[in-house]
Amino acid sequence: MFNPRKAEPRDVPTILRLIKELAKYEEMEDRVLLTEKDLLDDGFGEHPCYQCFLAEWQEEQSNEEPKVIGFAMYYFTYDPWIGKVLYLEDFFVVEEFRGKGIGSKILKLLSDLAIETRCSNMHFVVAEGNHSSIEFYKHRGAEDLSKEEGWRLFCFDKDSILKMAAS
Amino acid sequence: MANFILRKAEPNDVSDILRMIKELAKYEEMEEQVILTEKELLEDGFGDHPFYHCFVGEVPKEKQSSEGFTVVAFAMYYFTYDPWIGKLLYLEDFYVMEEFRGFGMGSHILRLLSETAVKTRCSSMHFIVAENNTPSIEFYKRRGASDLSSEEGWRLFAIDKEDLKKMTTPK
């Protein structure tokens, strides 16, 4: 039985574990530098930088503790043409639990939240090689803005920022 | 023209911000897609929980634009989160009115944003640029920006309101 819920401070080690599993799935595991302390301060302090839904799984009629087998990390961004946007940052279901509709249920929860909080849109980024995820999203109406409108994601890393701050 | 000031936007700046959002959208040939109102900008930026922050560039009255505006530049940003490295500063919109370009205002705004990023312990500054916007791409690349779409193949996706509603829990 699948039970979605909002993450709590005690879930931080689990969130970090799942972040690393997703990064491993994207072949980028060594790029995860975040620590449990960062996640705790940033997600459960006075001004949370992110929010999380967790997907818990419990076998029917089992006394075992429910296992967290998926998560979605999101926050609110702002589009100057249309206003508030729900930004889906990370979204992952552990491999052995895929195909059971858990991903769809989480997306449904996120959609409920987006509508409740008067968001015009949900945005997220997908790696162009991740065909199964692209299909999953396109199947639900997602459009590839990079393709259709030619938007490209750019980044200034810390060194460049420091150089510009000192200029 | 050498003198201008950069400052944090105030509630009174909302009509200038909306004007410049529309000018920037026009520059990107998307002007009719701006449906945001001054009321929403005010509530969303200056309420209890701001969803965005803004710097504006202002010139003295004697240097006003040909149409009489003194607020002539803006940068809209907010904070996002990368689950690998933590807090990021996300630069959403960045615009200097055409007649005020070439005087260093853009560079100064970028410096202010960089100082903000450092102060708030952000690991990175992210933003998107239209692939055919060569002058902006050059401006950013000159200052060290990398094109993550090109290098890492990230593509930006969107699910709009109609499709979100289709996915919501039936009432």
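Throughout, a chain's letter reflects where its sequence line sits, starting with A, and its residues are numbered from 1.
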Do [X] and [Y] pair up side chain to side chain, a donor and an acceptor below 3.5 Å, judged on atom types alone?
X	Y	value
Tyr50(A)	Asp42(A)	no
Glu135(A)	Ser132(A)	no
Arg140(A)	Ser111(A)	no
Thr35(A)	Asp38(A)	yes
Glu99(B)	Ser66(B)	yes

Checklist entry - Can you pull out the residues in residues 68-79 of chain B with any heavy atom less than 4.5 Å from chain A? => result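 The stretch touches chain A at Met76(B), Tyr78(B).
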Item to check | residues 46-55 of chain B: residues contacting chain A (heavy atom under 4.5 Å, by number) | outcome: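 The list, in residue order, reads Phe51(B), Tyr52(B).
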Checklist entry - At a heavy-atom separation under 4.5 Å, does Leu88(B) approach chain A through its side chain, its backbone, both, or neither? => result neither
Could [X] and [Y] be called an ion pair, given the rule that one side-chain N must be under 4.0 Å from one carboxylate O?
X	Y	result
Arg142(B)	Glu138(B)	no
Asp11(A)	Arg5(A)	yes
Arg19(B)	Glu23(B)	yes
Glu58(B)	Arg7(B)	yes

Item to check | Rounded distance (nearest 0.5 Å) linking atom CD1 of Ile19(A) with atom NZ of Lys24(A) | outcome: 15.5 Å
Checklist outcome for this item: If one checks every heavy atom of Asp79(A) against chain B at 4.5 Å, the contacting part turns out to be backbone
Next on the checklist: Using heavy-atom distances under 4.5 Å, tell me whether Leu16(A) contacts chain B through its side chain, its backbone, both, or neither.
Outcome noted: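 For Leu16(A), there is no contact with chain B at all, as no heavy atom is under 4.5 Å.
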Checklist entry - So which heavy atom on Gly106(B) is nearest to which on Phe94(B), and how close? => result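 Closest heavy-atom pair between Gly106(B) and Phe94(B): O-CZ, 3.3 Å.
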Checklist entry - Out of Val85(A), Leu33(A), Leu86(A), which one racks up the most heavy-atom pairs below 4.5 Å with chain B? => result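 Between Val85(A), Leu33(A), Leu86(A), the count favours Leu33(A).
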